[in-house]
Amino acid sequence: MRVRVVGIGPGGVDQLTVEAVEALRSVSAYLVVEKREDDPLVAAREAIIARHVPDPPPMITVRDPERERSARVAGDESAYQRAVADWHAARAERFATALDEADGDVAILVWGDPAFYDSTLRILDRVAADRSLDVDVIPGVSSLQLLAARHAIVLHEIGRPLHLTTGRKLSEAVERGEGNIAAMLLSSIDSFAALSDWTVWWGANLGTAHEALAHGTVAEVLPDIRAARDRVKDEAGWIMDLALLRAPA
């Protein structure tokens, strides 16, 4: 069986590459993870498929296993790693069952690009441990690329590095002396408050009808970002946001 891992961009129906569209048209089924009933991210994937595939094949939905997200786990790196490993193992079992239902090649639609903070390829490695899978990856437009485009910026200064991390690890990066940080998976923006004189370029649900942007010093725009996050989540039913944060010169 061939499994095509297709990066579909940050959510807009027109953010797919030509290669991604051709991949979606080449398979006999789609495998999509749903986090709950009436998951708006499943509906968003359905809209992308409808936009680009004239006669789409069936969609196989897999309910995402619960993952422990307690404060205890979030604050303990070893506990966090164990929780993620358990979650991946449970996901792999469900992926394997779903793939057994498919007849022919399958595409898995991955938000953004499969290389940035996504577990799909690791999970497929687990599935492939006891069955034959031919996995190929079609890259997608990442939210990080689109953030830079929307703000018309280069993500790093001349000859300087860019540090890419998650919101959970933002404070650690600052403590290590990183001064140009792209933070993804922002479950919270509370850690921004300690960076009041930093410059932030922020974006949410990029490429969609509910897109929101903000730019300025953290002290200036943090209230606007908080309000925009609430508004986007209320209007869209989901939020995926990220930020570039740069220390003062």
Which pair of non-hydrogen atoms, one from H210 and one from A236, has the smallest distance, and what is that distance? CD2-CB, 3.4 Å
Could you report the tightest heavy-atom contact between P223 and A219, atom names first, then the distance? CD-O, 4.1 Å
Taking side chain as C-beta onward, heavy atoms only, is P248 less than 4.5 Å from W198? yes
Short N-O contact, R2 and D134, less than 4.0 angstrom: no
Give the intermediate values and the outcome of side chain to side chain contact (heavy atoms under 4.5 Å, CB included) for residues M240 and L41. CA-CA 11 Å; M240 291 188 186; L41 293 182; 3.6 Å; yes
To check you understand the geometry: which heavy-atom pair defines the closest contact between S28 and P57, and what is its length? O-CB, 3.2 Å
Could I get the full list of side-chain contact (heavy atoms from CB on, under 4.5 Å) partners for S188, not counting sequence neighbours? D190
What are the two closest heavy atoms between G203 and L147, and how far apart are they? N-CD1, 3.5 Å
To the nearest 0.5 Å, atom OG1 of T17 lies from atom CD1 of I8 at 11.5 Å
So do the side chains of E93 and T97 get within less than 4.5 Å of each other, counting heavy atoms only? no
For residues W87 and V62: do they belong to one hydrophobic cluster (side chain heavy atoms under 4.5 Å, members Ile, Leu, Val, Met, Phe, Trp, Tyr)? no
State, yes or no, whether a side-chain contact exists between L242 and F116 at a heavy-atom distance under 4.5 Å. no
For a side chain to side chain contact (heavy atoms under 4.5 Å, CB included) check, start with the C-alpha distance between T61 and D39, then their side-chain angles and the critical distance, and finish with the verdict. CA-CA 11 Å; T61 56; D39 187 339; over 6 Å; no
Residues that, via side-chain heavy atoms closer than 4.5 angstrom, fall in one hydrophobic cluster with I158: none
Grouping ILVMFWY residues whenever side-chain heavy atoms fall under 4.5 Å, the cluster of V141 otherwise contains none
Distance from L164 atom CG to E178 atom CD, nearest 0.5 Å? 11.0 Å
Is there a path of hydrophobic side-chain contacts, each under 4.5 Å between heavy atoms of I/L/V/M/F/W/Y residues, joining V174 to L222? yes
So which pairs with a foot in residues 17-26 pass salt bridge (charged side-chain N to carboxylate O under 4.0 Å, His left out), sequence neighbours left out? none
Just how far is it from atom OG1 of T217 to atom CG of L195, taken to the nearest 0.5 Å? 11.5 Å
Test of understanding: clusters of I, L, V, M, F, W, Y form through side-chain heavy atoms closer than 4.5 Å, transitively. Do L155 and F192 belong to the same one? no
CG on D197 to CD on E220, rounded to 0.5 Å: 11.0 Å
Listed by chain and number, what are the side-chain hydrogen bond (donor to acceptor under 3.5 Å, both in side chains) partners of R231, not counting sequence neighbours? none
Could I get the full list of ring-ring contact (aromatic ring centres under 6.0 Å, His included) partners for H215, not counting sequence neighbours? W201
Would a 4.5 Å heavy-atom cut-off, applied to side chains only, mark Y30 and I60 as touching? no
Which heavy atom of G167 sits nearest a heavy atom of L186, and at what distance? CA-CD2, 3.7 Å
So side chain to side chain donor-acceptor pair (under 3.5 Å) across residues 236-249, not counting sequence neighbours, yields N180-R246, W202-D241, R229-D241
Do L16 and L24 have side-chain heavy atoms sitting under 4.5 Å apart? yes
Fellow cluster residues of V18, listed by chain then number, with links counted only when side-chain atoms sit under 4.5 Å apart: none
With a 4.0 Å cut-off on N to O distance, would you call E37 and R63 a salt bridge? yes
Using every non-hydrogen atom in the two residues, find where P10 and L206 come nearest and quote the distance to one decimal. CB-O, 3.4 Å
Short question: side chain of Q81, backbone of E77 - any donor-acceptor pair under 3.5 Å? no
Quiz: residues 119-128 side-chain donor-acceptor pairs under 3.5 angstrom, not counting sequence neighbours:
unit_1, atom_1, unit_2, atom_2, d
S119, OG, R91, NH1, 3.0
T120, OG1, D118, OD2, 2.7

I need the L31 CG to I108 CD1 distance, nearest 0.5 Å. 5.0 Å
Using side chain to side chain contact (heavy atoms under 4.5 Å, CB included), reason through I239 and N205 one step at a time and then give a plain yes or no. CA-CA 6 Å; I239 183 169; N205 292 41; 3.6 Å; yes
Are there more than 12 heavy atoms of other residues, nucleotides or ligands under 6.0 Å from atom CG of D130? yes
Would you give the length of the straight line joining atom CD of E66 to atom CG of D86, rounded to the nearest 0.5 angstrom? 13.5 Å
Hey, quick one: are W111 and V5 part of the same hydrophobic cluster, counting side-chain heavy atoms closer than 4.5 Å, chains of contacts allowed? no
For a 4.5 angstrom cut-off between non-hydrogen side-chain atoms, does R176 reach K169? no
Kindly state each residue pair satisfying salt bridge (charged side-chain N to carboxylate O under 4.0 Å, His left out) with at least one member in residues 43-59, sequence neighbours excluded. D14-R51
Would you kindly confirm whether M59 and V21 end up in one hydrophobic cluster when ILVMFWY residues are joined by side chain heavy atoms under 4.5 Å apart? yes
For D113, the salt bridge (Lys or Arg N to Asp or Glu O under 4.0 Å) test, sequence neighbours excluded, returns none
Worked check of side chain to side chain contact (heavy atoms under 4.5 Å, CB included) between F95 and L133: CA-CA 12 Å; F95 272 39; L133 290 182; over 6 Å; no
Determine which pairs satisfy salt bridge (charged side-chain N to carboxylate O under 4.0 Å, His left out) with at least one residue from residues 4-13, sequence neighbours left out, and list them in order. R4-D136
